Amino acid sequence: MVSTMGLHSFSVDAQLLRELGERLVGRPHIALAELIKNSYDADATQVQLRFEQNQIIVTDNGHGMSEQDFATRWLRIGTPRKARDQLSPRLHRQMTGSKGVGRLAAQLLARKISIESVALADPTDKDSLLHQAISADIDWDDAVSHDDVTAIEVNVQVQDHPIEPPRRSRSGTRIVLSELVEDWDAREFSRLAEEIWSLQPPFEGTRNKSFSIQLTSDQNDVIAAFEDRMQAILEIWNARITGRLLPAGKVPRIPAQRLPPTMPDPEDDPTDATPVERLHTYGDRYLVATIELRDGATQEVAWLVPACLVDQVTFDIRIFDLIHRQPKNIKVGDARNYLRRFGGVGIYDNGFRLPYYGADQDWLNIERDHAARLGASKLVPKELRIENGLLDLPTNRRVFGVVEVSTGSEAKSAQKAKIADANSLSIQVTRDRLVANAAYHQLQVMVRAGIDTYAMMRARARVVEPPRLDKIEPSQEAFGRLRTTIREVKPNIPEDLYERLDKDLRSAARESRVAEQARRGYSALLGALATAGTTSLAIEHELNRQIEAIAAVSSALREEVDESRPIDPRVIEDSATAIDRWVIRIRSIRRIFDPLVDADANTKQSELKALSVLRDVSHQVAELAAGAHFDFGGVPADLPLRPAPYAAWTSIFQNLFVNAFAALRHESNPVLTVDAVENGSHVTLRVMDNGVGVDLEEAEELWAPFRRSLRLDPEDVEVGYGGTGLGLTIVRMIADELRVQAKFIQPPDGQRTAVALTWRK
């Protein structure tokens, strides 16, 4: 018998509004950032924040919301519109959100919210007709008091008079947050800026890149803290190049080198370039630039610009190092993404950025010469040149630059100087770039001269590394060649002399072999000791936690000794469990030191199986893995490592693994993968992870002592991540002794970082 029942619908408790807001957003400054990101997604070019005693006002000049938009989008929780559309309607910006819950953040900010908006009838056309303005008030306390979220009603009023968005725009939205839930101060606004700084271009942008956020308040410290973080990216440069073309007749105080009229071809000598026609120019002028490195080194340089066709130019170029910890809480990944969007050297014509020039255009031939691995530049004064110095040329994605010109002023000055329009600095009809004439080529040379000089300074400042041991001929091979040579000349020397030479040579070879084995043993021991030092910080924190846990157990047991009440068995059981857990963790931590206390492990040369050593090391560092999964499925069971002491290989893998754990710290599914590839006479073992990744252009520097690629959060440092910055240095040191090449390589799909260990079979 089948019974039937009436149909019912799902209902949603109104308390879910608050629950979702708290879980998905969490903090007030993130909540306010979500509202600003909504303005960005609405194609706003300006957002005005006003902070008053108990009120925050957010006003933008985006495309606004109609009554239907408000009902079907703003009031609808979890709308997939951003995930579906992905790009904003008019400026085609990448949408900043996708879950449709950002508006729930408002309840974390204030108990009351008022919304006013006037929308474009066609969001893709800023000159289209307007919808009527709308306004609505929401009382969050009242909203969450309902039993069912679908029962909450919001009164939307339609009015004829529009709001006044910033910059006298025709459309936009104003949100007034009243009765603030949290106290806002300079620190909170500093945190807000850390969330939204990357939305704003470094300088005034063009069209889809233009987006500015302005904060006004009666509290000056609030404004100062906010603006400091909003502009922080411009202040963390590793080098800065500033330059200007001196007025006619002014001579620099330092000697000047002559610049060629055009950018030379890589295979040409720029000093052989055909000079520009000297008639009808501004005459010979001088360019002066200052190159400043972050370490304090500063160099002023001057160039003669013969037959100059440009009247005025200044430039300010900043170069960034994006592999180390960044100041002012800027995450390395955020900085890299920001430079991908806004980097490069841009040209500003009377304050307006010409769209053509940026990270994706190579108008200075930087990417071309970087890829060609050019080493020399004739644009740099002779006294500053260094062999292969141009190898330090930065890529466009590590540079912010502004070149300021004024084609209007150039046109007027060119008339007075009787320079033909075809030769003066002028803009194309499309207004997106300059005409590629003789004046433009001179501009290229002037800017590039400053960048080339920076590369030479950077190369000169770089510490010269000692010769790599894997490039030095091993002594046994040298003795072998010497014995072969002696055999070849045996007929030409007396028999007794030959026997003495052969005996002495064999004796020297034996002594050398013993010394080489001892040196490798000492290297393995040194590596193991250094590895123990780099992990001691994590162990110290682990022991501190365990000591606190044991102290808590002791305290709990002492309380149970109180004769005035019966002993609680659950307390005894929990205490015993905690002690067992402590014993297990301490035994696990001690495994790290196993190779250090084993004499054979430190000195005996063995042909170890890679998979066996990898499994040993994974057990030794398991307590530091922070939940990372090990995948050794790509390593053949019978693959031998290069002969070496056990401690040498365990030190290499311990350091590579611990380095990966820091990169995997905040991954939801952290995996450390090792595989092996045999290619002819060579074997390559790859240690990979799906963490934050490294910049391959700068990765070689990470092998130097005290270099780190990650900026760790304080809580990561507290639990022992970060170490001393020697982990990779130890890996390279031991690898050199074993004649194993260790380097970062391009990771395969699904991986973010890959270190290759390569040796001859």
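Since this is a predicted model, take the numbers as computed values, not measurements.
The shortest side-chain heavy-atom distance between K378 and R385 falls under the 4.5 Å cut-off. The side-chain heavy atoms of L287 and L246, taken from C-beta on, include no pair separated by under 4.5 Å. Within the 4.5 Å cutoff, the side chain of V445 has no heavy atoms near those of the Q442 side chain. Put simply, the side chain of R244 does not reach to within 4.5 Å of the side chain of V313, judged on heavy atoms.
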**Request:** Assess whether side chain to side chain donor-acceptor pair (under 3.5 Å) is satisfied between Q214 and Q46, documenting all intermediate values.
**Result:** CA-CA 8 Å; Q214 297 177 348; Q46 187 179 38; 3.2 Å; yes

**Worked check of side chain to side chain donor-acceptor pair (under 3.5 Å) between S128 and D122** = CA-CA 6 Å; S128 69; D122 181 1; 5.6 Å; no

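Y357 pairs with exactly one of F315, Y348, F342, W363 by the ring pair (Phe, Tyr, Trp, His ring centres under 6.0 Å) rule, that one being W363.
Legend: residues meeting ring-ring contact (aromatic ring centres under 6.0 Å, His included) with W237, ordered by chain and number and at least two apart, are absent. Not counting sequence neighbours, the partners of F320 by the ring-ring contact (aromatic ring centres under 6.0 Å, His included) test are F400. Applying the side-chain contact (heavy atoms from CB on, under 4.5 Å) criterion to D695, with sequence neighbours excluded, gives I323, R336, E697, E698.
Of the possible polar contacts, none joining the T407 side chain to the S426 backbone as a donor-acceptor pair under 3.5 Å is found. For R191 (side chain) and H29 (main-chain N/O), no donor-acceptor pair under 3.5 Å exists by modelled atom type. In this structure a side-chain-to-backbone donor-acceptor pair under 3.5 Å is missing from N61 to V47.
Side-chain contact check for T242 and D316: no donor-acceptor pair (N or O, by modelled atom type) lies under 3.5 Å. Residues S88 and D43 bring a donor and an acceptor atom of their side chains to less than 3.5 Å of each other.
Ring geometry for Y40 against F211 counts as perpendicular: the plane angle is over 60°, on a 0 to 90° scale with 30° as the lower cut.
Q257 and V380 make their closest contact through OE1-O, 3.1 Å (heavy atoms, listed as atom of the first residue, atom of the second, distance).
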